[in-house]
2 protein chains.
Amino acid sequence: MQNLLRSYHLFSEAEIESLGPYLRSRRLEKGDYLIKAGKICTEIAFVQSGLLRSYYTKDDGEEITYCFTFENTLMTAYSSLITGLPSPENIQALVPTELWVLQKRDLEALSQQSINWILLQKHLAEQQYVELEKRIFSYQKEKASERYRDLLSAQPHYLQQIPLQYLASYLGITRRHLSRIRREMLERVN
Amino acid sequence: MQNLLRSYHLFSEAEIESLGPYLRSRRLEKGDYLIKAGKICTEIAFVQSGLLRSYYTKDDGEEITYCFTFENTLMTAYSSLITGLPSPENIQALVPTELWVLQKRDLEALSQQSINWILLQKHLAEQQYVELEKRIFSYQKEKASERYRDLLSAQPHYLQQIPLQYLASYLGITRRHLSRIRREMLERVN
DNA sequence: AATTTTTTGGGACAAATGTCCTCTAAATCG
DNA sequence: CGATTTAGAGGACATTTGTCCCAAAAAATT
């Protein structure tokens, strides 16, 4: 996590050290939850190793994958963390996963000490926004097969670990349709 | 704009006053642009009255509406403002529109004077994120007719001013399909 | 290792959505 | 005001995507 913080060029080495006492190490086994829908999210996790999936549930009970989080990035039920409202998302480990967890209240305490922690939060929110804007664009202008193709080229090897049914709902389509898309891509190669 | 700032409960009255000298009033006639794609966005606009539309262009030349901005809210080519990269979006007035425009560099100067301007930016980024998350959810789990219905109930009267073709691409569908959806809604009423 | 559960691929058919085009109404412009 | 452009509805047909289903393969469990 410290390396991630360094990469933002916001913090002194002392500030980065000062974070240490607030980080709690946590291990999730496959299938364990970081947060369940309906709870209010009060923490931010850094994925040291492993893979997380966020999903929510439609009225009819169908699970829809909102996003994945790979190694060396941050994960939280962001809208709940921001608004203080119950999380619509469940966050679950797809494989055994090692985390460093920071409590929101501790981040707020750090923010009293140095403005840089506020700048970090501003930066992260902006980054997240830019990501989602790209995703909106892809829903508006691409068909499912193109979105899948983009995803494959953006996240080549991580995707191997993700069951196809999760990828399908992430793309906004059914398993059946993703299966068809994959078949068509194979045929094009031959 | 001052009323909008007050609503965040971040600023003293003096701070709100201090913004005044940096705001430039601007009027856009119908069809005029606030920013064109390819330019780097360096300003934030408050819509005093009127209506803006942001859109980008597909490779085949088709225009896709990204969002609308109504009265008493802020508008900017946000991803470009954040990243400093050329904007993918065009922002255009759909009707005669009165704006207050703040330069990014002036906001940065204000941010040197009071941390509250940074907190404002953090807050705005977070708000934007929450909006987009909702929109992603709707693309993933709703069909076009449901997205249209939601839009109608969220923005009842503003929508009257917006040509249907713009609504269609905002929803991620064609004009033809939106026409069908509207017809079906009428039939259900009768 | 055997059993059970989950995941995947795909057939058959249905529904949603797109493409192309035409006609009419409405808005814009000279 | 008349001429021209733009927006909207919708027919006919094509493509994309969904639903329901089943069987094989893979993974998890006992």
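Labels below follow one simple rule: chain letters A, B, ... track the order of the sequence lines, proteins then strands, and each chain is numbered from 1. From a predicted model like this one, the values you see are computed outputs, not experimental measurements.
Look at CD1 on A:I181: it is 15 Å from P on C:dT8, rounded to the nearest Å. Summarising the geometry, the separation between CG on A:L94 and C1' on C:dT7 is reported as 14 Å, rounded to the nearest angstrom. When the C1' atom of C:dG18 is taken as reference, atom CD of A:Q140 falls 16 Å away, rounded to whole Å. Summarising the geometry, the separation between CE on A:M185 and P on C:dG9 is reported as 12 Å, rounded to the nearest angstrom. A:R183 has its CZ atom 17 Å from the P atom of D:dT17, to the nearest Å. Here C:dA15 presents its C1' atom at 17 Å from CD of B:E142, a figure rounded to the nearest Å. Rounding to whole angstrom units, CD of residue A:E146 and C1' of D:dT15 are separated by 13 Å. Between B:E29 atom CD and C:dC29 atom C1' the separation is 16 Å, expressed in whole Å.
Using bins of under 30°, 30° to 60° and over 60° for the plane-to-plane angle, the ring pair B:F11/B:W117 lands in the tilted bin. Using cut-offs of 30° and 60° for the angle between ring planes, the A:H123 and A:Y8 rings count as perpendicular.
Considering only the side chain of A:R176, C:dG11 comes nearest among D:dG11, C:dT19, C:dG11. In this structure, the nucleotide among D:dT19, D:dG10, D:dG18 sitting nearest to the side chain of A:H177 is D:dG18.
Here A:R180 lies in heavy-atom contact (under 4.0 Å) with a base. Among the protein residues, B:R175 comes within range of no part of the nucleic acid, since none of its heavy atoms lies under 4.0 Å from any strand.
At a threshold of 4.0 Å, the pair B:E63-B:R53 counts as salt-bridged, since one of the basic side-chain nitrogens sits closer than that to a carboxylate oxygen. Salt bridge status for B:E184 with B:R180: absent, with no side-chain N to carboxylate O gap under 4.0 Å. Under 4.0 Å is where a charged nitrogen must lie from a carboxylate oxygen, and between A:R26 and A:E43 at least one such pair does.
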With a 3.5 Å cut-off and sequence neighbours excluded, list the donor-acceptor pairs that the side chains of residues 13-23 of chain A form with protein atoms.
| from | atom 1 | to | atom 2 | distance (Å) |
| --- | --- | --- | --- | --- |
| A:E13 | OE1 | A:R6 | NE | 3.2 |
| A:E13 | OE2 | A:R6 | NE | 3.2 |
| A:E13 | OE2 | A:R6 | NH2 | 2.6 |
| A:E15 | OE1 | A:S12 | N | 3.0 |
| A:E15 | OE1 | A:N116 | ND2 | 3.1 |
| A:E15 | OE2 | A:S114 | OG | 2.7 |
| A:E15 | OE2 | A:N116 | ND2 | 3.2 |
| A:S18 | OG | A:E15 | O | 2.5 |

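When the nearest nucleotides of DNA chain C are assigned to A:K143 and A:L178 by heavy-atom distance, the more 5′-ward of the two goes with A:L178.
Looking at every heavy atom in both residues, A:V95 comes nearest to A:G50 through CG2-CA, 3.7 Å.
Regarding contacts with the backbone of D:dA28, a side-chain N or O of A:K30 is found under 4.0 angstrom from either OP1 or OP2. Distances shorter than 4.0 Å separate some side-chain N or O of B:R182 from OP1 or OP2 on D:dA9.
Listed by residue number, B:G172, B:I173 are the residues of residues 161-173 of chain B with a heavy-atom contact under 4.0 Å to DNA chain C.
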